[in-house]
Structure formats: C-alpha cells, structure tokens
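Below is one structure; the comments refer to it alone.
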Amino acid sequence: MIGARASGCYRLRMTTPDFCDCELDLHRLDLRYADLRLADPRALERLRQSLERYGQREPCLAVACAGSPQLVLLDGYRRVAALRRLGRDTVCVEARAVDLTVGLILALTRTQGQAWAAIEEA
C-alpha cells in the first residue's frame, strides 16, 4: 500500500522506500489511540482557527499495518479532530512502512517540545 497509488490518496511523494507523504481520506485512518489522548477544547479551537486560516502545515504521522487498508494514526489526533470540525474529509499524512513500535518511537521523538500529559506518556 505504501508507495502505490492507494485509494483515497490524492498526492503521493515517496522520499525513501519506507516513507511517503500523502493526502489521505480521513476514513482511511485507524484511530485506535484516540481514547489515550487528553481532550483540550481550547487548544482544539485554536488549532481549528489556524487550520481554517493557514491550512495544514505539519503532516500527521501514521504507519501501515499488515493486512489492513487503513493507516494507524500515531501523531495528529488533534489535527484530525480540527479538520473534521471544519468539514474537511482529507488530511496530510506522513506514512511510514515500519512496525508499530518503531512508529511509536518516531511519534515520541517528533513532539517538537510539546509536553505530553503524564497520563498520555504512561
């Protein structure tokens, strides 16, 4: 799936064999970790306003799971929620063809100084 023109992927740019940037339909994301993130309505509203004004600047991070047409979203749950509030049906995703453990390590290393709540880190 990664590297091929997948259904719902409008723009695809391969940079390495295990990496691509694509614009993906929201329904193609597996949101299995959504319940582990803390809700912050004010931050979500600020992000919604920013996305409305400037568009999505930072891609979400997702990994491909064997045997599934969906990508598991690891980083970008707030962006996805804000895009849904705006009525958008696509999201820019950095898709990695790595196992879930490596993907989670990548998600932790790219927080760009944004601290996670202690419960999210656990």
Side-chain angles (χ1 to χ4, degrees):
M1 182 175 78
I2 303 298
R5 185 158 178 86
S7 171
C9 203
Y10 303 111
R11 179 179 56 85
L12 185 65
R13 183 183 77 230
M14 290 297 295
T15 55
T16 67
D18 68 340
F19 169 78
C20 77
D21 277 342
C22 63
E23 193 168 325
L24 195 71
D25 289 339
L26 287 172
H27 75 273
R28 300 266 326 277
L29 292 175
D30 177 342
L31 305 175
R32 67 177 66 173
Y33 299 115
D35 292 336
L36 302 177
R37 301 304 308 266
L38 296 177
D40 183 347
R42 291 185 309 193
L44 180 60
E45 178 56 24
R46 286 191 306 269
L47 181 58
R48 186 201 63 77
Q49 291 172 359
S50 175
L51 287 169
E52 185 174 42
R53 185 171 185 170
Y54 303 109
Q56 185 180 351
R57 294 180 175 183
E58 184 72 25
C60 298
L61 176 65
V63 296
C65 260
S68 174
Q70 292 185 309
L71 296 175
V72 178
L73 185 64
L74 300 178
D75 181 49
Y77 282 91
R78 193 175 290 156
R79 277 168 274 170
V80 168
L83 288 166
R84 283 190 169 146
R85 283 193 176 187
L86 288 169
R88 310 271 172 84
D89 58 356
T90 61
V91 61
C92 182
V93 175
E94 176 185 318
R96 296 285 185 141
V98 297
D99 68 26
L100 202 49
T101 303
V102 172
L104 289 168
I105 292 169
L106 286 170
L108 288 172
T109 60
R110 65 180 265 176
T111 59
Q112 298 178 356
Q114 178 183 349
W116 287 17
I119 192 73
E120 290 177 313
E121 289 184 24

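Here the structure is a predicted model, which means the values were calculated and not measured.
- Partners of Arg32 by salt bridge (Lys or Arg N to Asp or Glu O under 4.0 Å), not counting sequence neighbours, listed by chain and number: Asp30.
- Transitive grouping of hydrophobic side chains (ILVMFWY, heavy atoms separated by less than 4.5 Å) keeps Leu47 and Tyr54 in distinct clusters.
- In this structure, Asp75 and Cys60 have side chains that are not in contact, with every pair of non-hydrogen atoms separated by 4.5 Å or more.
- A pairwise comparison of heavy atoms in Asp40 and Arg78 identifies CB-NH2, 4.0 Å as the closest pair.
- Using a 4.5 Å heavy-atom cutoff, the side chains of Val93 and Arg28 are not in contact.
- Looking at Val80 and Leu29, their side chains come closer than 4.5 Å, going by heavy atoms from C-beta outward.
- The shortest distance between side-chain heavy atoms of Tyr33 and Leu73 does not fall below 4.5 Å.
- Under a cutoff of 6.0 Å and an axis angle of 45°, Arg79 and Tyr77 do not form a cation-pi pair.
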Acceptor/donor pairs from residues 99-107 side chains to any protein atom, 3.5 angstrom cut, sequence neighbours excluded:
residue, atom, partner, partner atom, Å
Asp99, OD1, Thr101, N, 3.2
Asp99, OD1, Val102, N, 2.9

**OP:** Give the intermediate values and the outcome of side-chain contact (heavy atoms from CB on, under 4.5 Å) for residues Leu83 and Gln56.
**Re:** CA-CA 9 Å; Leu83 288 166; Gln56 185 180 351; 3.7 Å; yes
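- Between Arg85 and Leu44 there is a side-chain heavy-atom pair separated by less than 4.5 Å.
- In terms of the side-chain hydrogen bond (donor to acceptor under 3.5 Å, both in side chains) criterion, residue partners of Gln49 (sequence neighbours excluded) are, by chain and number, Glu45.
- A distance of 10.0 Å separates CD of Glu94 from SG of Cys22, quoted to the nearest 0.5 Å.
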Subject >> Test side-chain contact (heavy atoms from CB on, under 4.5 Å) applied to Thr90 and Leu24, step by step >> reply: CA-CA 5 Å; Thr90 61; Leu24 195 71; over 6 Å; no
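- Once rounded to the nearest 0.5 Å, the distance linking CD of Glu52 with CZ of Arg88 reads 7.0 Å.
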